[in-house]
Amino acid sequence: MIAQATSPLGPLVHPNVEYSNLGPILALVVGALVLLTVASLVPGRRGRGFYSILTILAAGVSLGWSAWLWHFIDQKGPRFAFANVVAVDGFAVFFFVVIAIAVVLTALLAEGYLRRERLDGPEFYVLILLSAAGGMLMAAANDLILVFLGLETLTISLFVLAGFHRRRAASGEAAMKYFVMSAFSSAFLLYGIALVYGATGTTNLAGIAQYLSRNLPTSTGVLMAGVVLLIVGFGFKVAAVPFHTWTPDVYQGAPTPTTAFMAGASKAAGFAAFLRVFFSTFGALRLDWRPIIWVLAILSLLVGAVLAVVQRDIKRMLAYSSIAHAGYILIGLQAGNERGISGALFYLLAYTFMIIGSFAIATVVGRKGDRAHSLDDYRGLAARRPLLALTFTVLLLAQAGAPFTSGFFAKFYVIAAAVEAHSYAIALIGMLVAVITAFFYLRVVIFMYSSPEGDEGEVAPRLPVPVSAGIALVATVAFTVVAGVLPGIFVDFARHATLIF
Amino acid sequence: MNVLSVLPVLAAEGASPKFPLLTSLVAVPLVGALIVGLIPRRQESTLKTVGLLVALATGALSVVVAVQFKTGEAGFQMLSQHVWVKDLGISWKLGVDGISLWLLVLTGVLFPIALVGPAVHRDVKAYVLWMLVLEAACMGVFIALDLLLFFLFFELVLVPMYFLIAGWGYENRVYASIKFFLFTLFGSAFLLVGILALVFLTERATGKLTFDVVQLANAQAVGGATARWLFLAFALAFAVKVPLFPVHTWLPDAHTEAPTAGSVILAGVLLKLGTYGLLRFGLYLFPKAAVDLAPVLLTVGVIGITYGAIVAAMQRDLKRLVAYSSIAHLGFIVVGTFAFTTQGLSGGVLQMINHGISTGALFLLVGWIYERRHTRLIADLNGLQKPAPIFAGVFTLVMLSSLGLPALNGFVGEYLILIGTFITHRWWAVVAATGVILAAFYLLWAYQRVFHGEPSEENADFREMTWRERGVIVPLLVLIVFLGVYPKPVLDRIEPSVNRLISHVEQHSNYTQPGVAAGEGK
Amino acid sequence: MSLGGEWYLILAAILFTIGAFGLLVRRNILVMFMCVELMLNAVNLSFVTFARMLNDIGGQVVVFFVLVVAAAEVVVGLGIIVAIFRRRAGATADDLHILKG
Amino acid sequence: MGTLDYAWLIPALPLAGFVVLVVAGRKLGEPLAGWLATTAVGASFLTVLVMFAKVVSMPADSRHVVVTMFDWIPVGGLNVHAALLLDPLSITMALFVTGVATLIHLYSIGYMHGDERFSKFFIYLNLFVFSMLVLVLADNFLLSFLGWEGVGACSYFLISFWFTRSSAAVAGKKAFVTNRVGDFGFMIAMFLMFGAVGSLNYIGPAGVLTNAGKIPEVTATAIVLMLFVGAAGKSAQLPLYVWLPDAMEGPTPVSALIHAATMVTAGVYLLCRVSPIIAAASGTATWVIAVIGAVTALFAATIACAQDDIKKVLAYSTISQLGYMVLAVGSGAYVAAIFHMITHAFFKALLFLGAGSVIHGMHDEQDMKRMGALRLWMPITWVTFLVGWLAISGFPPLSGFWSKDEILAGAWSKNPGLWAVGLVTALLTAYYMSRQVFLVFYGEERWRHRAAETSDAHVDDHAEHAEPHESPLVMTLPLIVLAVAAFVGGVINLPLFGRTLFLEHWLEPSLAHVEAATLTSGAKIGLGALATIAGLAGLAIAYVTWYRRRPEENAGLEPLVLRRAWYVDAGLAAFVSGPGRMVANWCAYVLDKRVVDGAVNGLGTLVRNGGAQLRRLQTGYVRNYALGLAAGVVLLLAWTLVRVGL
Amino acid sequence: MLAFSVFGATPVDFLTFVIAAAIVLAGAFGVVFSRNPVHSALSLVMTLFGVAVLFVEQHADFLAAVQVIVYAGAIVVLFLFVIMLLGVDREENVDVEPLGPVQRWAGLLIPLVGLFLLLFLAGVRDWATGTPSARGAASGSAAGGAPNVDLLGRSLFTGFLLPFEVTAVLLVIAVVGAVVLARRPPRAEQAEMLAEQRALDEQLAKERDAELVAEHLEGRS
C-alpha cells in the first residue's frame with residue numbers, strides 16, 4: 001500500500017480477475033492438487049482406483065464448466081480476460097472440451113495400464129491434469145507469452161509422462177528425445193516470439209493484429225522471420241514435417257496411454273495455438289504464410305503416409321499416421337477461410353477420439369511390459385477378441401476416411417475448405433494420400449483377421465481388457481460412428497467455435 | 001417366412017406416399033445386418049436363412065418399387081428428402097427414375113442369388129453380415145440424389161466388398177482386395193475433389209450451398225474448361241469403377257480372387273456404379289463437357305471392348321477370362337452412354353442390367369466348377385459336357401447371352417448401343433461392333449476347351465448340376481430369355497428418363513440428337 | 001548512452017547460432033542441454049534489447065518467465081537424464097538410438 | 001385375312017417342338033422324340049401350305065401381309081416389332097425350308113438311331129427350323145437377324161454335336177466365329193439403313209425397301225456391300241467360306257439341311273430380299289457381288305475335284321453352287337438365284353442324304369477311295385444319287401439344268417466373262433460329281449482292303465458286319481422324295497413359254513425389276529446347249545479317268561494344292577496361331593500384365609521404396625533429428641527471404 | 001558528456017559491450033568445444049555472466065541479478081551435480097558412434113546459413129519496428145524514475161498476472177516430475193526390475209539384430 005502510494009507510476013491497477021472464465025482450466029489444476037494431497041494423505045497403495053475417478057471427475061467438471069462457458073459466450077459474446085492475456089471465446093471452449101475429453105479417455109486408459117505395469121500412483125494423473133491445463137491455456141491464450149507458458153506446461157509434464165515407465169528403456173529414450181527436441185524447438189519458438197515482439201512491439205495477439213492492421217509493415221523481414229520461427233515451434237508441436245522427427249520415436253517409446261494423450265491433447269493444443277495465432281493474429285499476412293503451410297501440409301501428408309507404409313510396429317505406424325493427420329488439419333489451416341478453421345476443428349475432434357481409441361487398443365494388446373506392438377502381435381486378434389478387433393477395425397477405417405465414420409466427414413470438411421479456397425492441388429493430394437494411408441490401415445485389419453501362423457499348439461496368451469479401457473473404447477467407437485452418421489451437431493459445434501477476432 | 005408374408009402389406013403401404021419405400025431399401029438390409037450381428041456365430045443355418053430372408057425382402061421391396069413406378073414419367077419418383085448436415089448443405093435425398101429403377105431390381109434379384117448360390121465355408125455370420133451391408137450400400141448408391149450421399153455410398157461399397165474378398169477369397173486375396181480398395185479410392189479422390197469444386201463453384205454462382213444433384217444440374221454454374229476438368233475428375237473416378245482401359249487391372253485380380261458371391265455382386269452390381277455414375281452425374285451435371293469430351297470416352301470405351309476381348313481370349317484362368325469379358329462388355333455401355341442418342345443410352349442402361357444377369361450367372365457357374373474341381377484353370381478342365389450335360393447347357397445359354405445372341409438379353413442392349421452410337425459416332429460404332437466377333441471367339445474357344453472334347457479322368461465324374469443350383473440359376477435364365485424376347489416393359493420405363501437426360505444435354509450444349517434416333521423421321 | 005540495439009541483437013543471433021551448432025555436433029546429452037541454455041540466453045538477450053529499444057517493460061517480463069521455464073525444464077530434463085543413465089552402468093551420456101526407422 | 005393371322009404358327013410349331021423336347025426330350029426317348037420333332041416341322045409345312053394357298057388366292061398386288069405379334073424393341077425412333085411378313089418370296093422360302101426340313105427330320109430318325117444324345121439332336125434341329133423360319137418370315141431386318149444368328153448358333157451346336165471329337169468342337173467354333181464376321185457386316189448394314197431411313201422394316205410406309213429409292217447411292221452401295229459381307233459369311237463366299245468344309249464334322253443330316261439346303265442359302269435370300277436397295281446402289285456393288293460369286297464358284301469347284309472325303313466334295317460343291325447363286329444376284333437374275341436355290345436344295349440335300357446313307361451303310365467310312373461298287377449293296381441310294389448327280393451336273397431335263405441355265409444366261413447378259421467362268425465351273429461340276437459317283441458306286445470293292453487292314457490292327461466292332469448295307473425306310477423314303485423333286489423341280493420355272501415361268505411371276509412383287517438385255521430364245525438355247533456340252537465334257541473326262549482307271553493311277557489329277565484347298569485353311573491357321581496369337585499374347589501378358597499392371601504395382605513399389613529410403617533418415621539419433629529441424633528452419637527462412645525480397 | 005562516441009555510444013559503454021560480448025562468445029565456444037562436460041558447464045557460467053553484464057548495460061538490473069543467482073547459481077550447479085552423479089566427468093570418446101562428416105559440416109553450415117538469413121532479413125539494423133512504449137517504459141529514467149524492480153513487479157502483477165500464476169503450475173510440475181523420475185523404486189521391485197531390464201535389453205538387442213539382418217536382406221534383394 002505504501003509502495004503504491006509512493007510509486008511514481010501511480011496507483012496499481014489490478015486487472016479484472018474473473019476466474020470463472022478459466023473454470024475448465026482451474027478445475028484441472030485444482031483436481032491435480034487435490035489428487036496430490038489426497039494421495040499423500042491416504043497411506044500405502046489403497047485407493048488407487050480413486051485416482052482415475054478423481055481425474056475423470058476433474059475433467060468432468062471441466063467439461064461441465066466448458067458447457068456453461070459455451071452457453072455464456074453464446075449469450076454474452078466472447079471476451080478478453082486477465083488484462084487481455086486470455087481470450088474467452090468459442091474457439092477456446094472447443095479446445096477445452098477436446099482436451100478434457102482426451103483427459104477422460106486417457107485416464108480410463110491409464111487405469112488398467114498403470115495397474116498392469118505396476119506403476120500406479122497419483123503422479124501420472126496429476127501430470128496429465130496439469131499438462132491438459134497447459135494445453136487449455138494454449139488454446140485460450142491471447143498473448144504469445146501465455147502461449148509459450150502453456151506450451152511448456154503441457155510439454156514439461158509430457159517429458160515426465162513419456163519417461164514414466166521406469167522399467168522400459170524405450171520409455172526413457174523417448175522422454176530424452178522428446179526433451180531435447182522440444183527444448184530445441186522451444187528455443188526457436190521463443191526466438192520467434194522475440195522477433196515478433198521486436199517487430200510489433202507487443203506479444204499480445206490482439207495487439208499484434210491491431211498493429212498489423214494499422215501499419216502495413218515497411219520492412220517485414222524481422223516479422224516474417226519471427227512468423228517463420230513460430231511456424232517451426234507450432235509445427236514441432238503438431239508434428240508437421242519437417243519438424244516431426246521426434247514423433248515416431250517418442251510415440252513408440254512412451255507408455256501407450258501417454259502416447260494417446262500426446263497424440264490427442266498435445267496435438268490439439270498445438271493446433272489450437274497454431275490456428276489462433278495464424279488465422280487471427282497473422283491473418284493479414286495470409287499471403288505470406290499460406291504457401292509455407294501448403295508445403296508443410298503436403299510434406300506431412302506424404303512423409304507421414306509413405307513412412308507409415310513401411311512400419312511394422314503399430315505404435316510407430318500410428319505415429320506416422322498422426323503426422324499425416326496433421327497434414328490434413330494443416331490443409332484446413334492452409335485454406336485460410338472460415339470453413340478451413342471449422343474443418344480443422346472438426347477434424348481435431350474426430351481425430352482425438354480416433355487416435356486415442358487406436359492407442360487404447362495398442363495399450364490393451366501391448367500386454368504386460370508394453371511391448372507387444374508388432375504387427376505380428378495383431379495376427380489372429382479377431383479370433384481371440386472379435387470385439388476388440390472389430391473396434392480397431394472401425395477406428396482404423398475411420399482414420400482411413402471410410403464413409404459413415406467421423407473420419408470421413410473430417411477429411412471431407414478440410415478438403416472442402418481447400419476446394420473452396422481454390423487449393424485444388426492440395427485437396428487432390430490430400431485425397432490421394434488417403435489412398436496410401438488406407439493401405440496400411442487395411443494391412444492391420446488383414447493381420448487381425450488372418451489366422452495365427454503356425455503355433456496352434458501354443459495357447460495364445462490371455463488378453464485381458466480392463467473395464468475402464470473397455471469404456472474408453474466403446475466411447476471412442478460410439479463417437480466415431482455417431483459423428484459419422486449424424487455429423488450435424490458436431491459440425492455445428494465446430495462452426496460456432498469462432499475466434500474472438 | 002413371416003418376413004415374406006409382410007410383403008403384401010408393405011406393397012399396399014407403398015402406395016401411400018408416407019411409406020419411405022426407398023429408404024427402406026437401404027434400411028432393411030442394414031437392420032437385417034444388425035439382426036445377423038445378434039445371432040450367435042454357431043447357428044449357421046439360422047444365419048443363412050435370416051440373411052436370405054432379408055435379401056429376399058429387399059428384393060421384393062425393389063420389385064414393389066418397380067410396380068409402383070409410374071411408367072412414362074421421366075423425372076425422379078418416390079422422392080424422400082431430409083436435411084442431414086445443414087451447414088454443409090447435405091441432405092438425405094433419395095429418388096428413382098427409369099435409369100436407376102432396374103439397377104435397383106437387379107440388385108434386389110442378384111443378392112439373394114449370390115447369398116444362396118455358392119457354398120460358404122467359414123464364418124457364415126460375418127459373411128452374411130457383410131453381404132447385407134453391401135446390399136444396403138449398393139441400393140443407396142443407385143437412389144442417392146445428393147452428391148455427397150452418393151459419394152458416401154459409393155465409398156461404403158468398398159468396405160464390405162473388401163472384407164468379402166479378403167476374408168473369403170482365394171489364394172491371392174489379400175493382394176487383390178487391397179488393390180481393389182486402393183484403386184477405387186484413387187478414383188474417388190478425384191471424384192470428391194470434383195464434387196466439392198462443383199458445389200462451391202455453384203455456390204458462388206447461385207449463393208446456395210447444396211449437394212442436391214437436381215439443383216446442381218439445373219444450375220449449370222460451371223462451364224468451359226472448368227466444367228471439362230470437373231467432368232474428367234468425375235470420369236476418372238467412374239472409369240476406375242467401370243473399369244476402363246488403362247485403369248482396369250484391379251478388376252481381373254479382384255474378380256479372380258473374390259469368392260463366387262463377391263464376383264457375382266462385383267460384376268453384377270458394383271461395376272455398374274461406374275457406368276451409372278457416368279450416366280447420372282457425368283452427363284447430367286456436365287452436359288456440355290460431356291458432349292465435348294465424348295470422343296475421348298468413346299475411344300476409351302472402344303479400346304476397352306477390343307482390348308478386353310483380346311486379352312480375355314488369352315487368359316488361362318476361367319474366372320479371369322470372364323473378368324476381362326466384363327471389361328469388354330462395360331466398354332459397350334460406356335460407348336452407348338456417350339452416343340447421346342435415345343437408343344445408345346437406353347441400350348446402355350439395359351446393358352447394365354443384362355451384363356449383371358449374364359456375367360453374374362457366368363461367375364456363379366465358374367464358381368460351381370471351382371467347387372467341384374478346385375481349379376479355375378482352363379487347362380485342367382475338358383469334356384465337362386459329357387458328365388454334366390445340363391450344366392453345359394446352362395453354361396451355353398449364359399454364354400450365348402453374354403456374346404449377344406439375338407433373342408437373349410445381351411443382344412438387345414448391345415444392338416441398341418451400337419445402332420445408337422452409329423447414328424452419331426459412326427466409326428466408333430464400327431470398331432465397337434468388332435467386339436461382337438471377338439466375344440464369340442473367346443467365349444466359344446473357352447467353352448470348347450472346357451466343355452468339349454473327351455473328358456480326362458478327373459473330369460469324367462464331374463458332378464451334374466444339383467437341384468439347389470438349378471433353383472438358383474433358373475431365375476437368371478428366365479430373365480436372360482425374357483429380356484431378350486420381350487424387353488419392352490423395361491425399355492418403356494427407361495426411355496422417358498433417357499430422353500429427359502438427352503434433352504437436358506441438348507438444352508445445355510449445342511448438341512442436337514439426330515431426328516432419326518429421336519423418332520422424328522416418321 | 002548505450003550502444004545501438006542492433007549490436008546486442010546480432011550478438012544474440014550469433015550466440016543462438018553457436019548454441020544450435022553445439023546441439024547439432026555434440027553427443028553428450030548434458031552438453032547438448034547446455035547448448036539449449038545458450039540459445040535461451042540468446043533469446044533473453046534479444047528480449048531485453050527489444051525491451052530497451054521499444055522502451056517496453058514487457059520484454060523484460062518475458063525474460064523472467066523464460067528463466068522460470070528454463071529452471072523447470074532443467075529440473076525435469078536432468079531428472080530424465082539421471083533416470084536413464086543411472087541404470088545404464090558404464091555408459092556415457094551419449095545420444096540414444098534404440099527407437100528409429 | 002383371318003387365315004393369315006395364324007401365320008405365327010409357322011415358327012411357333014417348331015419352337016413348341018423345341019420347348020417340349022428341352023423339357024421332356026430325354027423322357028420321350030429314342031424314336032418318339034424324333035417323331036415329335038418331325039411332326040412339329042411337318043405341321044409347320046402344312047401351315048405354310050395353307051398360307052401359300054391363301055396368298056395365291058389374293059391379287060398379285062396385295063400379296064404382302066404383315067402379321068404383328070408384339071413390340072420387340074421400341075426405343076425412340078427405332079421401333080422393332082416381332083412381326084411376320086408374308087409375301088411370295090418369304091412363303092417360297094418357308095415352303096422349301098419346311099419341306100426339306102421335314103424330310104431331313106424323318107431321315108434323321110433313322111440316321112441318328114442309337115446315338116445316346118438322340119433327343120438332343122432333334123432339339124437343335126427344331127430350334128434350327130424355328131430360327132430359319134424367323135429369318136425368312138421376319139418383317140424387318142432385325143428380326144431376320146435374330147433368325148440369322150439363331151441358325152448360326154444351331155449350326156454351331158450341330159457341327160459340334162459330337163463334341164468329344166475335338167475336330168468337331170473346333171469346326172463348330174470356327175463356323176460360329178466366321179459367321180460372326182459376316183454378321184458384323186449385316187449389323188453395320190442395318191445401322192446404315194436405320195440412319196438413312198429411320199426404320200428397319202422391310203415394307204410399309206417407312207420400310208427400308210419401300211424407301212430404297214430415296215437412299216443416296218453411296219449409302220446404298222455401302223449397305224449392299226455390308227449386307228454382302230453378311231451374306232458371304234452365311235453363304236460361304238470368298239473369303240468367308242472356310243467354315244463350311246469343316247462344318248462337315250456334323251452329322252450328315254445336318255450337312256444336308258443346314259449346310260446345303262437352307263441356312264447357307266440365307267445369304268442369297270437376303271440379297272434377293274434387298275434387291276430394291278441393290279437397284280439403288282451403284283454398279284460397283286453388283287460387280288463386286290457377281291465377281292465374288294463367279295470366283296467362288298470356280299475356286300470351290302477346283303478344290304472339289306481333288307477331295308477324297310465324300311462329304312468334303314459335296315461341301316465344296318455347295319460353295320461352288322452358292323457361288324452360282326451369288327453370281328446370279330450380282331447379275332440381277334434374282335429369280336434365277338431363287339430358282340437355283342430351290343433346285344439346289346433338292347439335289348444337294350439328296351446328295352448329302354445319299355452320302356449319309358452311304359456313310360451309314362459303310363459304318364462311318366467317309367473316304368471315297370475306300371468305297372466302290374456300292375451300287376450292288378445300296379440300290380436305292382445308288383439310283384437316287386444318280387438323279388442328284390445328273391441334276392447338279394446340269395443335264396436336261398433335270399431341275400439343275402434349268403436353274404443353272406437361267407444363271408448362265410443372266411451372267412451372259414451381265415458380262416460374257418462371268419458367263420465363261422460359270423461355264424468352266426459347270427464343266428468342273430460335272431467332272432467332280434462324276435468322279436464321286438464312279439468312286440463310290442462303281443469300280444472295285446476297295447472297302448474290303450480296309451476291312452482286312454483294320455481287323456489285323458485292332459478288333460474293330462465294325463469288322464464283324466463290314467458288309468455295306470442299304471439304309472432303312474425312314475432314310476430311303478426322303479431320298480426317293482427328294483430324287484423326284486430333283487428330277488422334276490425344274491417345272492416351277494420352265495422357260496419354255498412365258499406362262500410357265502411360274503416362279504418368276506410369283507416372285508415378281510417381291511423382287512426389284514432389273515432391266516437386263518433380254519436374250520432371244522435362240523441365244524438362250526445356244527447357251528443351254530453349250531452348258532450341256534460342258535457338262536458332258538466333264539462327265540467324259542471323269543469317265544475316262546475315274547471309271548476306266550483305278551484311283552491310284554489318277555494321282556496327277558489331284559495336285560496337292562487342290563487337295564489342300566489352295567492352302568487357305570493352313571494359311572489362316574498359321575496366321576491365327578502365329579502373328580494373331582502373338583499379338584493377343586503380347587496384349588495379355590506384356591501390355592496388360594507388365595506395362596499397365598506393372599505401372600500400377602510400380603506405383604505401390606515406389607511408395608514402399610520411398611518409405612524404405614525415407615526411413616533411413618529416421619536414424620534414431622537426436623542430433624540428426626535436430627539437424628532436420630534446423631534445416632527446416634533455414635529453408636523456411638530462405639523462402640521468406642526470397643518472398644520479402646533481398 | 002564525453003567528447004566523442006563510438007557508434008553512437010560512450011566509449012565506456014562500447015568497451016563494456018565489447019568485453020562482455022567477448023566473454024559471452026568465449027564462454028559459448030567453451031561450452032561447445034570442451035571435451036569435458038565439466039569444462040562446458042564452467043564455460044556456460046562465463047557466458048551467463050557476460051549476458052548478465054549486457055543486461056545491466058541495458059537497464060535490466062533485476063534480471064541481471066536473477067540471471068546470476070538463478071542461472072549461474074542454481075542451474076549450472078544442478079548441471080555439475082548431475083555430471084558428478086553420473087560420473088561422466090570424463091572426456092568424450094569421439095570414436096564411439098562418430099558424428100560423421102555430414103552431421104559435422106551440416107551442423108556447422110546450417111546454423112551459419114540461418115544466421116546470415118536472419119541478418120539479411122533484419123537488414124542488419126531494421127530490428128525493432130514495433131510501436132515503442134506500448135506498455136510502459138523499461139528504464140528508470142524514462143519511466144519517471146521508478147526502479148526497474150518496481151516496473152517489473154508492477155507488470156507481473158497486473159498485465160502478466162495470469163502468466164505469473166501459471167509459473168506456479170510449472171514449478172509444481174517440475175517438482176512432481178523430479179520426484180517421479182528420480183525416485184528409486186521400492187526395494188522389492190528393484191531385483192525384478194533389473195531382471196526385467198536385462199530381459200528387455202536382450203530382447204531389444206535381438207530385435208535390433210533381426211532388424212539388421214532384415215535390412216541386410218532387404219538391401220540385397
Side-chain angles (χ1 to χ4, degrees), chain C residues 1-11 13-15 17-18 20-22 24-25 27-28 30-31 34-35 37-38 41 44-45 48-61 63-65 67-72 74-76 78-83 85 87 92-94 98, chain E residues 7-10 13-14 17 21 24 28 31-32 37 40 44 47 51 54-55 57-60 63 66 70 75 78-79 82-83 85-86 88 92 97 99 104 107-108 111 115 118 125 127-128 130 132-138 142 151-152 155-156 160 163 167 170-171 174 177-178 181-182 204:
Chain C
M1 182 113 182
S2 294
L3 206 54
E6 61 272 14
W7 290 81
Y8 292 87
L9 291 170
I10 293 169
L11 176 69
I14 294 171
L15 186 58
T17 310
I18 295 173
F21 166 66
L24 293 178
V25 296
R27 282 164 301 165
N28 189 309
L30 285 162
V31 181
M34 291 177 210
C35 292
E37 298 304 328
L38 287 182
N41 266 285
N44 282 352
L45 185 55
V48 169
T49 311
F50 278 130
R52 176 168 69 94
M53 293 168 83
L54 297 168
N55 198 21
D56 176 32
I57 193 72
Q60 291 195 16
V61 179
V63 174
F64 177 81
F65 291 126
L67 278 172
V68 178
V69 167
V74 165
V75 169
V76 171
L78 290 178
I80 292 169
I81 292 172
V82 168
F85 292 99
R87 265 193 328 183
T92 56
D94 275 353
I98 298 169
Chain E
F7 297 111
T10 59
D13 280 334
F14 181 71
F17 174 80
V24 165
V31 171
V32 176
S40 291
L44 182 61
T47 302
V51 172
L54 293 174
F55 280 3
E57 183 67 15
Q58 302 196 73
H59 319 294
L63 286 180
V66 174
V70 175
I75 294 181
L78 206 55
F79 267 108
V82 171
I83 292 170
L85 185 67
L86 294 180
V88 290
E92 218 169 291
E97 295 169 357
L99 281 176
R104 197 181 301 256
L108 178 61
L115 176 64
L118 185 64
R125 42 178 50 254
W127 290 86
S133 192
R135 204 185 308 259
L151 282 166
L152 208 59
S155 204
L156 274 180
F160 291 100
T167 52
L170 262 175
L171 293 177
L181 291 167
L204 281 169

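None of these values were measured; they are calculated from a predicted model. In what follows, every chain begins at residue 1, and chains take the letters A, B, ... in the order their sequences are listed. Any value given below was found using the heavy atoms of this structure, including those in side chains, with hydrogens, waters and symmetry copies removed.
Taking all atoms of both residues into account, the shortest heavy-atom contact from Ala174(E) to Val76(C) is CA-CG2, 3.9 Å. Listed here is the closest heavy atom pair of Leu118(E) and Ala13(C): CD2-CB, 4.2 Å. Nearest approach of Ala60(E) to Val48(C), heavy atoms of both residues: CB-CG1, 3.8 Å. Considering every non-hydrogen atom in both Ile14(C) and Leu115(E), the closest pair reads N-CD1, 3.9 Å. Here the closest non-hydrogen pair linking Cys35(C) and Val32(E) is SG-CG2, 4.3 Å. The minimum heavy-atom distance linking Thr17(C) with Pro111(E) is given by the pair CG2-O, 3.3 Å.
Summarising the geometry, atom CD belonging to Gln60(C) is positioned 9.0 Å from atom CD belonging to Gln58(E); distances are rounded to the nearest 0.5 Å. Atoms CG and CG, from Leu63(E) and Leu45(C) in turn, are 11.5 Å apart once rounded to the nearest 0.5 Å. Atoms NE2 and CG, from His59(E) and Asn55(C) in turn, are 9.5 Å apart once rounded to the nearest 0.5 Å. The distance from the CG atom of Leu108(E) to the CZ atom of Phe21(C) is 5.0 Å, given to the nearest 0.5 Å. Separation of atoms CD (Glu57(E)) and OG1 (Thr49(C)) is listed at 10.5 Å; rounding is to 0.5 Å. Rounding to the nearest 0.5 Å places CG of Leu54(E) at 13.0 Å from CH2 of Trp7(C).
The residue among Ile18(C), Val75(C), Val63(C) with the most heavy atom pairs within less than 4.5 Å of chain E is Ile18(C). Note: Val61(C) leads Val74(C), Asn44(C), Val69(C), Val61(C) in heavy-atom pairs under 4.5 Å with chain E.
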Derivation and outcome, side-chain contact (heavy atoms from CB on, under 4.5 Å), residues Phe64(C) and Thr167(E): CA-CA 10 Å; Phe64(C) 177 81; Thr167(E) 52; 5.5 Å; no
